[in-house]
Amino acid sequence: MAKSTNKQYNQKAKPKDIRASNIVAGKAIADAVRTSLGPKGMDKMIETADGNVTITNDGATILKLVEVLHPAAKMLVDLSQAQDVEAGDGTTSVVVLCGSLLTACEKLLAKGIHPTVISESFGAAARKSVEILESISTPLELSDREQLIKCASTSLNSKVVSQYAGQLAPMVVDAVLNVRQGDNADLRDIQIVKKLGGTVQETELIDGVVFDRKVSHTAPGGVDRVQNAKIAMVQFCLSAPKADHGNDIVVSDYAQMDRVLRDERQYILNMCKKIKKAGCNVVLVQKSILREAISDLALHFLAKMKILVARDIERDEVEFLCKSLGCKPIANVDNFTADKLGSADLVEELTIGSSKAIKVTGAQVADVKTQSILVRGSNKLVLEEADRSIHDALCVVRCLVKKKALIAGGGAPETEIALALMAHAHTLVGPEAYCFRAFAEAFEVIPFTLAENAGLNPIETVTTLRARHQAGEKSAGINVRKGVITDMVAENVLQPLLVSLSSVTLATETVRSILKIDDIVNTR
């Protein structure tokens, strides 16, 4: 009898241990990124196995680069990636919030509350939180450029490039508004080109296309500037055909050799003549893996015909370039006709720092707007981080295009949620009331961490913040620059409603998934 009771007890103990292990793993991930939350957050230096070093404080980037083994911890990595896709910003806060909710679960489980009850109560609390956030948000008009710039600045202020926020924010807002179509903006229409050299201050928004290639100059007299350009995107090779793999051509005497060279020359010349006949004066050649995309002989003929050539265009750039320039990719020289060409006012080669790039301006394309942001940086690490920061800021403005509402930043919405849920918990009875209270307390981790990272006394700061909110100041938050609590709207610390909504719903979903797991089965 004692034996069977013991066996039953072991079956009960296993799910408990699995749950505890999952919660500990999730909390460990949250603690790893917690110090990089907010404008005063620390940066992480991550070195990968191949020796590449990354310096960043973007939660999604940190977790993408860190090697995570525990399956529950991987769920938090996926959570930050999901937030990155959905909102683009708030990737650190969503993981910190999830870690805090897991701590709340641990305490509730210790009280003997069943995981399903906790899970359902958390779901109800998340829905209530969404209602609270929507009630404290203020609507926004997209014509109000100043407000959009304030939101982009708030996102940039917590990054390495924060000192350039005043310059980058208007650029980001203009780029998104220019590619906006209705209630959405496709960020694939905004190309970020990174160029080493100079400072982040030299970053510029270009109304046109810049691509990181130089004009192919092998022949004397080649052109590097073309006005009234007719542009072709070429996907075939402008070089002599090769024999099939494994076949050899044996040439036994000089006469045959001459004939081969003469035919080769004629073949390439005919191709170049067809290009010229179509009225084309700028050729973009896609990179080829089978043989050289364009031979020196073809470059020589095209230079004589005053045609500008840019070679080795990557396959993933073709779609953006065709959309921006209004040209169609040409896969065969026989299909090379004038209707497949794009038009632009000017194509020229620029010298940027120690390297070169090609800039196309005045592309005549109807209904399609694309933008290019040329990012500069003194070294690779700064350049990469500037790229990530600009991407996050672009996502913030896109969130505002999707859902036109703003809320205050600086821990204000989280404190308001905590207070409102705590008040709602008093109207409930039984285990649900405990769960709502724990859920509400978990939200205070955001203002607590902001204060801690800014070197303030977290307990004193959060207590004061709570008192200010109870007095009716819904937009009071932590001003990390001055080390006091001020009105966040007056300080221009604003963020899109969508960022907070998605972080609350995604963090709660992840915690509920982790709670529902009671066993881990390894398969071979």
Side-chain angles (χ1 to χ4, degrees), residues 39 84-90 130-159 161-162 164-192 203-209 320 323-324 361-375 389-410 412-413 416 474-475 477 486-503:
D84 199 27
V85 169
E86 182 66 27
D89 200 20
V130 168
E131 284 171 27
I132 296 161
L133 281 171
E134 284 177 341
S135 69
I136 61 169
S137 68
T138 52
L140 163 93
E141 287 298 322
L142 289 180
S143 54
D144 189 353
R145 188 164 172 269
E146 284 304 306
Q147 291 285 63
L148 294 173
I149 290 172
K150 286 171 191 172
C151 285
S153 299
T154 305
S155 170
L156 290 164
N157 277 335
S158 64
K159 311 289 182 199
V161 294
S162 57
Y164 304 111
Q167 188 199 349
L168 296 176
M171 213 180 285
V172 162
V173 170
D174 291 342
V176 175
L177 291 180
N178 284 343
V179 300
R180 176 172 74 97
Q181 290 175 334
D183 281 349
N184 202 357
D186 189 351
L187 294 188
R188 285 174 299 189
D189 290 344
I190 301 170
Q191 182 192 36
I192 298 177
T203 298
E204 57 179 322
L205 175 68
I206 291 163
D207 190 16
V209 185
F320 177 81
K323 192 175 182 181
S324 308
T361 44
Q364 292 146 22
V365 191
D367 307 330
V368 177
K369 279 294 269 181
T370 56
Q371 299 278 298
S372 295
I373 297 176
L374 181 64
V375 184
S389 307
I390 289 171
H391 176 263
D392 278 9
L394 287 168
C395 290
V396 164
V397 183
R398 186 192 61 180
C399 285
L400 290 169
V401 170
K402 277 184 174 176
K403 198 171 184 72
K404 302 170 186 65
L406 286 172
I407 49 172
E416 192 59 34
K474 293 194 173 191
S475 56
T486 52
D487 183 353
M488 290 288 108
V489 176
E491 292 286 339
N492 295 333
V493 179
L494 300 164
Q495 63 185 40
L497 173 63
L498 191 65
V499 171
S500 294
L501 284 184
S502 75
S503 76

Point-to-point distance, once rounded to the nearest 0.5 Å, from [atom1] of [X] to [atom2] of [Y]:
X    : Y    : atom1 : atom2 : answer
Q167 : E204 : CD    : CD    : 9.5 Å
Q191 : L374 : CD    : CG    : 10.0 Å
K403 : L501 : NZ    : CG    : 6.0 Å
L497 : S502 : CG    : OG    : 9.5 Å
K150 : N492 : NZ    : CG    : 4.0 Å
L406 : T138 : CG    : OG1   : 5.0 Å

If we check side chain to side chain contact (heavy atoms under 4.5 Å, CB included) with [X], which of these qualifies: [options]?
X    : options               : result
V173 : N178, I149, L142      : I149
I390 : I192, V161, I190      : I192
C399 : V499, D89, V176, L394 : V499

Given K323, R180, Q371, the one that forms side chain to side chain donor-acceptor pair (under 3.5 Å) with D189: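 One option only clears the test, and that one is K323.
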Check against side-chain hydrogen bond (donor to acceptor under 3.5 Å, both in side chains), S500 and Q495: CA-CA 8 Å; S500 294; Q495 63 185 40; 2.7 Å; yes
A side-chain contact here means heavy atoms from C-beta on lying under 4.5 Å apart; do [X] and [Y] qualify?
X    : Y    : result
L133 : E416 : no
N184 : V401 : no
D392 : D84  : yes
R145 : P170 : yes

Side chain to side chain contact (heavy atoms under 4.5 Å, CB included) assessment of V172 paired with V396: CA-CA 10 Å; V172 162; V396 164; over 6 Å; no
Exam field: side chain S389 to backbone L156, donor-acceptor pair closer than 3.5 Å: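 Side chain of S389 to backbone of L156, a donor-acceptor pair under 3.5 Å: no, none is there.
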Side chain to side chain contact (heavy atoms under 4.5 Å, CB included) evaluation trace for V493 with T486: CA-CA 10 Å; V493 179; T486 52; over 6 Å; no
Step-by-step side chain to side chain contact (heavy atoms under 4.5 Å, CB included) determination, M488 to I407: CA-CA 9 Å; M488 290 288 108; I407 49 172; over 6 Å; no
Atom CD of Q181: over 12 foreign heavy atoms under 6.0 Å: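 No, the 6.0 Å shell around CD holds no more than 12 heavy atoms from other groups.
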Shortest non-hydrogen contact between A408 and L494, atoms and distance: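 Closest heavy-atom pair between A408 and L494: CA-CD2, 4.4 Å.
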